Visitor: 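Can you keep this structure in mind? I'll have questions shortly.
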Amino acid sequence: PRTTRPRGASVLTASLDRTVRLWVLGEHSSAACTRILRVCHAGMFVAGVFFAAFSPDGSRLVAASGGHGFGMASIWSVESGECLRMLEGHAAWVLSAGFSPDGGQLLTASGDGTAKLWSTDS
């Protein structure tokens, strides 16, 4: 999975504070946070975001997260910061996720011992 953005000097970080941060790398090891995405789930406590990665074309990102008894992945627009799609169905935290080379599918891996393949289309 890609944590650096194609054709650019950007990286993602995932955090237990339930955020994904987009950083633009500068000269001399400097970096500036340009976007903070807060992952939430209506009525459920999200324990944290455990992994984030860019789509192959860099236009979207996936955030892997979960809470007590559930796991989910969310697909976001890098440009707008809008959550485009929530992928729910794991019984434990989603710990990793990755886009297919064409960006049309997403594979998630969960602490419940399962992996799921999803279409990225709405």
Side-chain angles (χ1 to χ4, degrees):
R2 172 172 246 148
T3 56
T4 57
R5 192 170 185 188
R7 298 180 308 278
S10 300
V11 295
L12 296 172
T13 57
S15 177
L16 292 179
D17 69 0
R18 298 179 294 281
T19 65
V20 174
R21 295 173 193 261
L22 176 65
W23 300 84
V24 175
L25 304 179
E27 294 182 28
H28 311 293
S29 301
S30 66
C33 180
T34 60
R35 185 172 303 276
I36 300 173
L37 306 174
R38 298 197 186 282
V39 176
C40 60
H41 188 286
M44 305 287 281
F45 175 75
V46 175
V49 180
F50 310 111
F51 184 84
F54 286 107
S55 62
D57 67 1
S59 68
R60 296 170 294 164
L61 66 87
V62 61
S65 60
H68 182 68
F70 76 96
M72 65 181 185
S74 47
I75 300 173
W76 299 75
S77 165
V78 171
E79 183 70 27
S80 71
E82 175 186 7
C83 182
L84 303 173
R85 183 142 187 237
M86 300 288 286
L87 306 171
E88 303 171 88
H90 286 287
W93 298 352
V94 174
L95 301 172
S96 186
F99 287 94
S100 62
D102 68 358
Q105 293 181 306
L106 183 78
L107 184 67
T108 55
S110 170
D112 64 11
T114 65
K116 294 184 183 275
L117 186 62
W118 311 82
S119 170
T120 58
D121 296 331
S122 299

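Nothing here was measured: the structure is a model prediction, and the numbers come from that model. Computation of the quantities below employed the complete heavy-atom set of this structure, encompassing side-chain atoms and omitting hydrogens, waters and symmetry-equivalent molecules.
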Visitor: Mind checking what makes side-chain contact (heavy atoms from CB on, under 4.5 Å) contact with S30, not counting sequence neighbours?
Guide: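 For S30, no residue satisfies side-chain contact (heavy atoms from CB on, under 4.5 Å) once neighbours in sequence are set aside.
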Visitor: Calculate, to the nearest 0.5 Å, the distance between atoms CG and CZ belonging to D121 and R85 respectively.
Guide: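 Reported to 0.5 Å precision, the distance equals 7.5 Å.
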Visitor: Any side-chain heavy atom of L22 within less than 4.5 Å of one from L12?
Guide: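 Yes. Closest side-chain heavy atoms under 4.5 Å.
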Visitor: Grab the two heavy atoms, one from G111 and one from A92, that are nearest each other, plus how far apart they are.
Guide: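 Residues G111 and A92, closest heavy atoms: C-CB, 3.7 Å.
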Visitor: Quick one: list whatever passes side-chain contact (heavy atoms from CB on, under 4.5 Å) with C33, sequence neighbours left out.
Guide: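 For C33 the side-chain contact (heavy atoms from CB on, under 4.5 Å) partners, ignoring immediate neighbours, are R21, W23, I36.
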Visitor: Nearest 0.5 Å, what's the OG-CZ distance between S80 and R35?
Guide: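 The CZ atom of R35 is 6.5 Å from OG of S80, to the nearest 0.5 Å.
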Visitor: Which pairs count as ring pair (Phe, Tyr, Trp, His ring centres under 6.0 Å) when at least one residue sits in residues 63-95, sequence neighbours excluded?
Guide: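 Those involving residues 63-95 are H41-F70, F50-W93.
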Visitor: For V94, what are the other residues in its hydrophobic cluster, where any two members join if their side-chain heavy atoms are less than 4.5 angstrom apart?
Guide: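 None, because no other hydrophobic side chain comes under 4.5 Å of this residue.
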Visitor: Would you kindly confirm whether V49 and M86 end up in one hydrophobic cluster when ILVMFWY residues are joined by side chain heavy atoms under 4.5 Å apart?
Guide: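 Same hydrophobic cluster.
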Visitor: To the closest 0.5 Å, what do you measure between CG (L106) and OG (S100)?
Guide: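 If we round to the nearest 0.5 Å, L106:CG and S100:OG are 8.0 Å apart.
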Visitor: Measure the OG-CZ distance between S65 and F51 for me, rounded to the nearest 0.5 Å.
Guide: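 Between S65 OG and F51 CZ, I get 13.0 Å after rounding to 0.5 Å.
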Visitor: Hey, what else clusters with L107 if you join Ile, Leu, Val, Met, Phe, Trp, Tyr whenever side-chain heavy atoms sit under 4.5 Å?
Guide: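 L107 clusters with L117.
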Visitor: Between C83 and S74, which heavy-atom pair has the shortest distance, and what is it?
Guide: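 Closest heavy-atom pair between C83 and S74: SG-CB, 4.0 Å.
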Visitor: Going only through I, L, V, M, F, W and Y residues with side-chain contacts under 4.5 Å, is there a path from L16 to L95?
Guide: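 Yes: a chain of side-chain contacts under 4.5 Å links L16 to L95.
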Visitor: How close do A14 and A52 get, counting heavy atoms only, and between which atoms?
Guide: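 Residues A14 and A52, closest heavy atoms: CB-N, 4.0 Å.
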Visitor: Rounded to the nearest 0.5 Å, what separates atom OG in S119 from atom CG in L87?
Guide: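 Rounded to the nearest 0.5 Å, the OG-CG separation comes to 9.0 Å.
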Visitor: Measure across G58 and V78 and return the closest heavy-atom pair with its distance rounded to 0.1 Å.
Guide: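 Closest approach of G58 to V78, heavy atoms only: O-CG2, 3.6 Å.
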Visitor: According to side-chain contact (heavy atoms from CB on, under 4.5 Å), who are the partners of R60, at least two apart in sequence or on a separate chain?
Guide: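 Counting only residues at least two positions away or on another chain, R60 forms a side-chain contact (heavy atoms from CB on, under 4.5 Å) with S55, I75, L84, F99, T120.
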Visitor: From E88 CD over to K116 NZ, what is the distance, rounded to the nearest 0.5 angstrom?
Guide: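 Result: 11.5 Å between the selected atoms.
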Visitor: Using every non-hydrogen atom in the two residues, find where G104 and D102 come nearest and quote the distance to one decimal.
Guide: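 Reported closest heavy-atom pair: N-OD1, 2.8 Å.
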Visitor: Indicate the atoms forming the closest heavy-atom contact of W118 with T108, along with that distance.
Guide: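 Residues W118 and T108, closest heavy atoms: NE1-OG1, 2.8 Å.
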